[in-house]
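For reference, the structure discussed in these notes is given below.
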Protein chains: 2
Amino acid sequence: MSVSQVSLFNEHSRIVQALYYNESLSSTDISVFIGKSIPHTIKVLNELVKDGCIELRGYASSSGGRRPMKYSLVADDHFIISVAMSQFNMRIAALDMNNRFINEGTEHYFDIHHLQADELIHYINTFIQEAGLNKNNVLGVGITMPGFIDPDKGINYSFLEIPNQSLVEYMQQNIGLPVFIENDSTAIALGEQKFGVARQQNDALIVNLGWGIGLGMIVDGKIFRGHSGLAGEFSHIPIVKNGKLCLCGKHGCLETESSLIAIAAKANAEIEQGQTSSLVKYEQIDADAIIKEAIKGDTLSVKLISEAAYTVGQGIAILIHILNPAVIVLSGKASVVGRLWLSPIQQAINEHCIPRLAHGTELLISDLNDKAQLIGGAVLVVENIGEPLSKKLNELKKEVSI
Amino acid sequence: MSVSQVSLFNEHSRIVQALYYNESLSSTDISVFIGKSIPHTIKVLNELVKDGCIELRGYASSSGGRRPMKYSLVADDHFIISVAMSQFNMRIAALDMNNRFINEGTEHYFDIHHLQADELIHYINTFIQEAGLNKNNVLGVGITMPGFIDPDKGINYSFLEIPNQSLVEYMQQNIGLPVFIENDSTAIALGEQKFGVARQQNDALIVNLGWGIGLGMIVDGKIFRGHSGLAGEFSHIPIVKNGKLCLCGKHGCLETESSLIAIAAKANAEIEQGQTSSLVKYEQIDADAIIKEAIKGDTLSVKLISEAAYTVGQGIAILIHILNPAVIVLSGKASVVGRLWLSPIQQAINEHCIPRLAHGTELLISDLNDKAQLIGGAVLVVENIGEPLSKKLNELKKEVSI
DNA sequence: AAAACTTTTTAAAATTTTAAAAAATGTTTG
DNA sequence: CAAACATTTTTTAAAATTTTAAAAAGTTTT
């Protein structure tokens, strides 16, 4: 493949991206998106129509002038596999080029600490087979999971380490498709940015209310990772004075007070002390139980979530001062009870932010619910088509600093 | 001026930028910097040599092959005026195209709350005249000052407001040169990034230890401002439990404990309570007095700075978790006693950061000292040549979002 | 029905890159 | 010690790409 073909391919992929994020666009829109002239854009669009991956969808309306042609992706020309993992489970789904789920997907349970890459590969290959997908029509597999992940090198440093090889390389060899990996919170942020309430936002913070408190940051329209990929360690900022030792070894981390794990621990303690609550009927009081009872209105569950939320709000107040985001999105597992989190967090923001900042920041609840991570996995693939890992690694090596 | 000429001009200005930040570069270096092919780069370079703003500086060494020609800016072809203001004073200096001060500069004292734009204009015009500079050879004037500033609109919302006009417009009309404004902490960050210890860094935090605690953030190689330009409000993050009311109206702001103003207030209180200290000899104990005595080893002064530093360190620990910077630079007025700040801050980082993050972040003291802001003002001009305000405003209006 | 406006098409012009040759220099080898 | 070779930069000319400008084609408003 010559260099000119590569750059052409990337131009194509930019157009595919534009259309994946928008049902249909005019040639002018696409021309702006890819930063090329209209004649050139139209030439490329025609090629893609001939290729069969883009179709014409009639004319858009006009405010007084010739009506523009609408271009869209052909929905079933290609598909994307998205794999969303948490510490304890994984879901696999397939999406078409209109970002729609083409089936119900499958779910598997495990403890990620004991999960083997081969198991993961087996689940994915089985899924592709059972969904009846032809691998030639699959753009790629987006795997999103907890851990400290380098998406460019294709390595998860926390889980699923493969000796002498990157996880992505190993997966690609055994699945026969392009594979991309990303951190779960980051994936949720991607999903919210492209298809959720953070759509169109260049400066957004997406809080992943889950087993821990994850944070995905969109800075200047792009996912922000920091110098060594560790940025967004929100759940370990030292702002709590409860003396509890965190798993990370430090005291005072936000997650010792506000994660679902911390909330569950508190619930168990309170119940033991004889607190009345509909939680008593559970054999093991875990996050799912608390969320379930909180929805039903159990006082203790609601109280515990509210308290945790206020502490998270204090942390968010600090984030706002430093990053001045346009929106903050509450997403992730626990955001299904988003209403319960919202007002304590908003109150903490009002109490701890300078007014100009508090007013300039919108606090929103995800409307993607538990789909955010799966959608983020699909976005991950779309964002990376046209940039195979090998090319990225070459760039990393070349990187010249003047 | 046709559009093609504009883009050519911007290409020229990219080359000027590359050479302003580097004493000399080869055509290959410049080609990489501006992202164009070597033949094209050499063509443009020849034009600039003919123009007289770039000169040849002989050959660089080679690791085995033809030696590359070194290109440099002609030092006295153009000059830059930099104006560095604080709340209480301003310095004016002129720099040549090698980033060297061409004279001693001048200094004026005032309270910025009562400063008039006309006064500022008078100082600048007088300076240019007395320095014997021809305005045709001055690239522009970079004014850096406290306040909430929108550099694109050319407005300082906190000070020096001009009715019905932007400050920059007014200044340009009365000085007859391109004028650019920027926040003081941001300017210091620019200076440190291009010429200081944060050189080459894409992810750096520059702490401006001054009357307040300023913060300039370099994210992905660029100054980060947030959604509405308020990012980096480090001095108002709520992390102190001292009950003191901050000027911003909130309790618990970092600056109630750690700014030079807070330190001076504490010193006065301690002296009144009969503490022994070489500070007693001062009529008014202000920041300058404390810095002076701390250098001499006065126990009280050192103690107060150390305490403040530890609190700043707690704040920095939070910044590190969120932003994962490669380096943190202590700069600004109070960084002349940088050694005193260093170890309490480092200790707070070690205590409050997860180890992987603490180890990945270098804490450095500025070597530009009080020159950082002036140099930042010059960088401000260099960064903006080729992009006149009017063009920027047009772009702001056009900004299409898909 | 004319005027105003927007999108699309076309063809010429301008820009930029590619590829190959030439020039210059350090390293290796006989 | 010099010739051969590997490397790197510079030059050249042809090829490819992309843009500009102007004309044409549709729509809405007046």
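All of these numbers come straight from a predicted model, not from anything done at the bench. Hydrogens, waters and symmetry mates play no part in the numbers below; they use all other heavy atoms, side chains included.
For the pair K36(A) NZ and dT15(C) P, the interatomic distance rounds to 16 Å; values are reported in whole Å. For I42(A) and dT18(D), the CD1 to C1' distance is 14 Å, given to the nearest whole Å. Between the NZ atom of K43(A) and the P atom of dT20(D) there is a distance of 15 Å, rounded to whole Å. Distance CG (L45(A)) to C1' (dT9(C)): 14 Å, rounded to an integer number of Å. The separation between L56(A) atom CG and dT8(C) atom P is 10 Å, rounded to whole Å. The distance from atom CG of N46(A) to atom C1' of dT7(C) is 14 Å, rounded to the nearest whole Å. A straight line from NE2 of H12(A) to C1' of dT17(D) spans 13 Å, rounded to a whole angstrom. As rounded to whole Å, 15 Å separates atom C1' of dA22(C) from atom CD1 of I38(B).
Of the candidates dT11(D), dT18(D), dT8(C), dT18(D) carries the atom nearest the H40(A) side chain, counting heavy atoms from C-beta on. Listed candidates were dT19(D), dT12(D), dT8(C). Nearest to the side chain of P39(B) is dT12(D). Comparing dT8(C), dT25(C), dA21(D) by their nearest atom to the side chain of M69(A) picks out dT8(C). For R66(B), whose side chain is taken as the heavy atoms from C-beta onward, the closest listed nucleotide among dT9(D), dT16(C), dG26(D) is dT9(D).
Remark: S27(B) is not in phosphate contact with dT9(D), judged by side-chain N or O atoms under 4.0 Å from OP1 or OP2.
Taking 4.5 Å as the limit, some side-chain heavy atom of I15(B) sits within range of a side-chain heavy atom of I34(B).
Separation of atoms CD (Q172(A)) and CG (L167(A)) is listed at 10.0 Å; rounding is to 0.5 Å.
Across L73(A) and N98(A), no two heavy atoms sit closer than the pair O-OD1, 3.9 Å.
Under 3.5 Å, the side chains of S366(A) and E192(A) contain a donor-acceptor pair of N or O atoms.
If you look at F195(A) and Y20(A), their ring centroids are closer than 6.0 Å.
Of the two residues contacting DNA chain D, namely Y59(A) and S37(A), the nearest-nucleotide position lying further toward the 5' end is that of S37(A).
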